[in-house]
Structure formats: C-alpha cells, structure tokens
Amino acid sequence: MSKRFDAEVEARLRADMAQIIARYPDDRSALLPMLHLIQSEDGYVSPRGIALCADVLALTRAEVSAVATFYSQYRRRPNGEYNVGVCTNALCAVMGGDIIWDKLSEHLGIGHDQTTADGKITLEQLECNAACDYAPVIMVNWEFFDNQTPASALDLVTKITNGEDVKPTRGPNKVHTFKEVSRTLAGFEDGLVDEGPGAGPQALAGLKLAREHGWSAPAVVGEE
C-alpha cells in the first residue's frame with residue numbers, strides 16, 4: 001500500500017473529515033469517527049490514514065495511534081470483508097457459544113482476530129454482544145444473528161465465503177461490507193435505518209406486559 005493516498009482520494013477524505021469536524025466544538029473530538037472513515041477507505045487504520053488524521057487535526061501520529069490502539073473496533077491490519085464475531089461470554093458460552101466458536105475456527109482454519117486467505121472473513125471472539133436474551137449470538141459487521149446453533153453458524157460463514165448476501169435477525173435487509181459499515185460508523189447516513197426490525201419479541205416482552213396491565217414507572221420523588 002502506498003505511503004500516501006492518491007491526490008483525488010486524499011481530497012475526498014479531507015472533505016469528509018471537514019464535515020465530521022464541523023459536528024464538534026473541539027476539532028480533536030472528531031478523531032474517533034475520522035478513524036472509522038479511514039477504515040472505510042483502507043479496511044483498517046492504515047499508517048497513511050493515521051498520518052492524514054494527524055495532519056488534519058494538528059496532532060502527532062503517536063497521539064492518533066494511541067487512540068487507534070485503545071478501541072477494539074479499530075483494526076491495525078487489513079480486516080476481512082466481513083467481521084464475524086462470536087460471543088463466548090458467560091450466557092452465550094453456556095448456551096453453545098463455545099461450541100460455535102470451535103466449529104467456526106476449525107472450519108475456517110483461523111483463530112481470534114485472524115483473516116481467511118481470501119480476505120472474506122475475520123473471525124473474532126467477543127466478550128459480549130449485548131444481546132443476552134438471544135443467546136448464543138453472532139455479529140457480522142455489527143449486525144445481529146440471534147439464537148445460533150453450530151449448524152446455522154456454519155451455514156452463515158459458508159454463504160459469506162460463497163459471496164452470498166446474508167440477512168441479520170434484526171436490522172437491514174442484508175449485511176453490508178466492513179468498509180461500508182465503517183463509513184456509517186463515521187457518521188454518514190446509509191439510508192438503511194428503517195430496514196428490518198429494530199427489536200425482537202424477547203426484548204419487547206416487558207413492554208408488552210406493561211401495556212397489557214396498564215403499568216407505568218412510578219413518579220420520581222419530588223416530581224410535580
């Protein structure tokens with residue numbers, strides 16, 4: 001990879017960065033979405049991306065790198081087109097997450113934070129997907145695949161490997177690529193917010209019950 005972006009690409013990135021910076025009272029606060037923007041171009045936080053962020057924000061490359069190495073969503077080497085994260089935290093693990101992880105790792109021939117030779121899949125062992133009511137859960141580019149089994153998980157990665165679209169349980173009608181999702185995380189609308197359900201029946205069970213019984217939260221003490 002070149003040590004610098006092509007002039008046309010750099011100009012486009014600088015224009016996008018200017019839009020990001022305009023959202024914040026302090027320019028430095030724009031660094032996190034700017035790093036996602038770099039990933040949308042290079043598929044990871046590349047050295048040339050770090051240099052560009054540093055130049056735009058008048059920071060040192062060391063300061064930018066310190067942020068990029070702190071947060072797990074920023075990759076320091078090329079990520080796969082699809083990031084497959086298997087939750088192996090307590091509840092998902094006892095519900096089968098550990099078995100799913102072992103099956104996928106064996107099937108793909110890679111371990112944690114490793115990428116298949118064709119560049120399609122990066123496999124990640126996650127601590128928690130914040131969806132315990134749907135355990136065990138897999139996330140593909142941060143979209144949910146709920147109530148997984150070893151068989152459904154193997155079918156999922158096989159479809160990805162074969163270049164087929166995969167549809168999450170909740171969210172958009174298909175999972176978009178790591179680069180495309182990274183641009184969304186940078187704060188640029190993808191137009192997919194109204195696609196698919198945002199929540200499943202398990203997550204809404206309490207709300208449904210409260211409405212059926214006319215329950216509401218108690219008033220705050222001192223509230224008029």
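Residue numbers run from 1 in the order of the sequence given.
Side-chain atoms of S40 come within 3.5 Å of backbone atoms of L37 as a donor-acceptor pair (strictly under, hydrogens ignored). The backbone N or O of G200 lies less than 3.5 Å from a partner atom in the side chain of Y134, making a donor-acceptor pair. Panel note: side chain T169, backbone D146; a donor-acceptor pair is recorded below 3.5 Å. No donor-acceptor pair closer than 3.5 Å links the side chain of S152 to the backbone N or O of Q148. Formation of a donor-acceptor pair under 3.5 Å by the N141 side chain with backbone atoms of N83 is found in this model. Side chain of N129 to backbone of V137: a donor-acceptor contact under 3.5 angstrom is found. Within the 3.5 Å criterion, the main-chain N or O of N173 finds a donor-acceptor partner in the side chain of E195. Between the side chain of R23 and the backbone N or O of G187 there is at least one donor-acceptor pair closer than 3.5 Å. When atom types are taken as modelled, the side chain of Y24 and the backbone of L31 share no donor-acceptor pair closer than 3.5 angstrom.
Under the side chain to side chain contact (heavy atoms under 4.5 Å, CB included) test applied with L108, the options T115, T116, L154 reduce to a single match, T116. Applying side chain to side chain contact (heavy atoms under 4.5 Å, CB included) to M17 and the options D55, L52, D27 leaves one that passes, L52.
Hydrophobic cluster membership differs between W142 and V166, with clusters built from Ile, Leu, Val, Met, Phe, Trp and Tyr side chains linked at under 4.5 angstrom. Under a hydrophobic clustering in which Ile, Leu, Val, Met, Phe, Trp and Tyr are joined whenever their side-chain heavy atoms come within less than 4.5 Å, directly or via other members, L185 and I20 fall into different clusters. Following chains of ILVMFWY side-chain contacts shorter than 4.5 Å, one cannot reach L123 starting from L126, and the two form parts of different hydrophobic clusters. Hydrophobic clustering (side-chain heavy atoms under 4.5 Å, transitive across Ile, Leu, Val, Met, Phe, Trp, Tyr) groups Y74 together with L13. In the hydrophobic cluster analysis, where Ile, Leu, Val, Met, Phe, Trp and Tyr join through side-chain heavy atoms closer than 4.5 angstrom, F188 is grouped apart from F178.
A 6.0 Å sphere centred on CZ of R14 holds more than 12 heavy atoms belonging to other residues, nucleotides or ligands. The local environment of CD1 in I99 is sparse, with at most 12 non-hydrogen atoms from other residues, nucleotides or ligands closer than 6.0 Å. Within 6.0 Å of atom NZ in K167, more than 12 heavy atoms from other residues, nucleotides or ligands are found, so the atom counts as buried in its surroundings. No more than 12 heavy atoms of other residues, nucleotides or ligands sit less than 6.0 Å from atom CZ of R61.
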Worked verdict on E212 versus L209 for side chain to side chain contact (heavy atoms under 4.5 Å, CB included): CA-CA 5 Å; E212 289 174 351; L209 188 63; 4.0 Å; yes
Residues V157, V140; criterion side chain to side chain contact (heavy atoms under 4.5 Å, CB included); working and verdict: CA-CA 10 Å; V157 297; V140 181; over 6 Å; no
Check against side chain to side chain contact (heavy atoms under 4.5 Å, CB included), L104 and I138: CA-CA 11 Å; L104 292 189; I138 292 175; 4.2 Å; yes
Derivation and outcome, side chain to side chain contact (heavy atoms under 4.5 Å, CB included), residues I38 and S46: CA-CA 7 Å; I38 294 300; S46 59; 3.9 Å; yes
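You'll find the side chain of Y44 reaches within 4.5 Å of the side chain of P78, heavy atoms only. At least one side-chain heavy atom of S65 sits under 4.5 Å from a side-chain heavy atom of R76. Side-chain atoms of L192 and H176, non-hydrogen and from C-beta on, do get closer than 4.5 Å to each other. With contacts defined as side-chain heavy-atom distances shorter than 4.5 Å, the pair M139/F145 does not qualify. A 4.5 Å side-chain heavy-atom check between Y82 and T122 finds every atom pair outside the cut-off. No side-chain heavy atom of V175 sits less than 4.5 Å from a side-chain heavy atom of I160. Annotation: side chain of E10 is not in contact with side chain of R48 (no heavy-atom distance under 4.5 Å).
Listed by first then second residue, pairs satisfying salt bridge (Lys or Arg N to Asp or Glu O under 4.0 Å) with a partner in residues 106-125 read R75-E124, R77-D113, E81-K120, not counting sequence neighbours.
Residue H36 holds its NE2 atom at 10.0 Å from OH of Y71, rounded to the nearest 0.5 Å. Taken from OG1 in T161 to CG in L156, the straight-line distance is 9.5 Å, to the nearest 0.5 Å. Distance CZ/R183 to CD/Q39: 14.0 Å, rounded to 0.5 Å. Atom-to-atom distance recorded for D165:CG and K174:NZ is 4.0 Å, nearest 0.5 angstrom. One distance of note links CG of L207 with CZ of R211; it measures 4.0 Å at 0.5 Å rounding.
The minimum heavy-atom distance between C92 and P136, with the atom names listed, is SG-CA, 3.6 Å.
Residues satisfying the side chain to side chain donor-acceptor pair (under 3.5 Å) criterion with D102, sequence neighbours excluded, are absent altogether. Considering only residues two or more places apart in sequence or on other chains, K179 meets the salt bridge (charged side-chain N to carboxylate O under 4.0 Å, His left out) condition with none of them.
Using the six-membered ring where Trp is involved, W215 and H213 have ring planes that are parallel, under 30° apart on the 30 and 60° scheme.
The pair R12-E8 does not meet the salt-bridge criterion, since no charged nitrogen lies less than 4.0 angstrom from a carboxylate oxygen.
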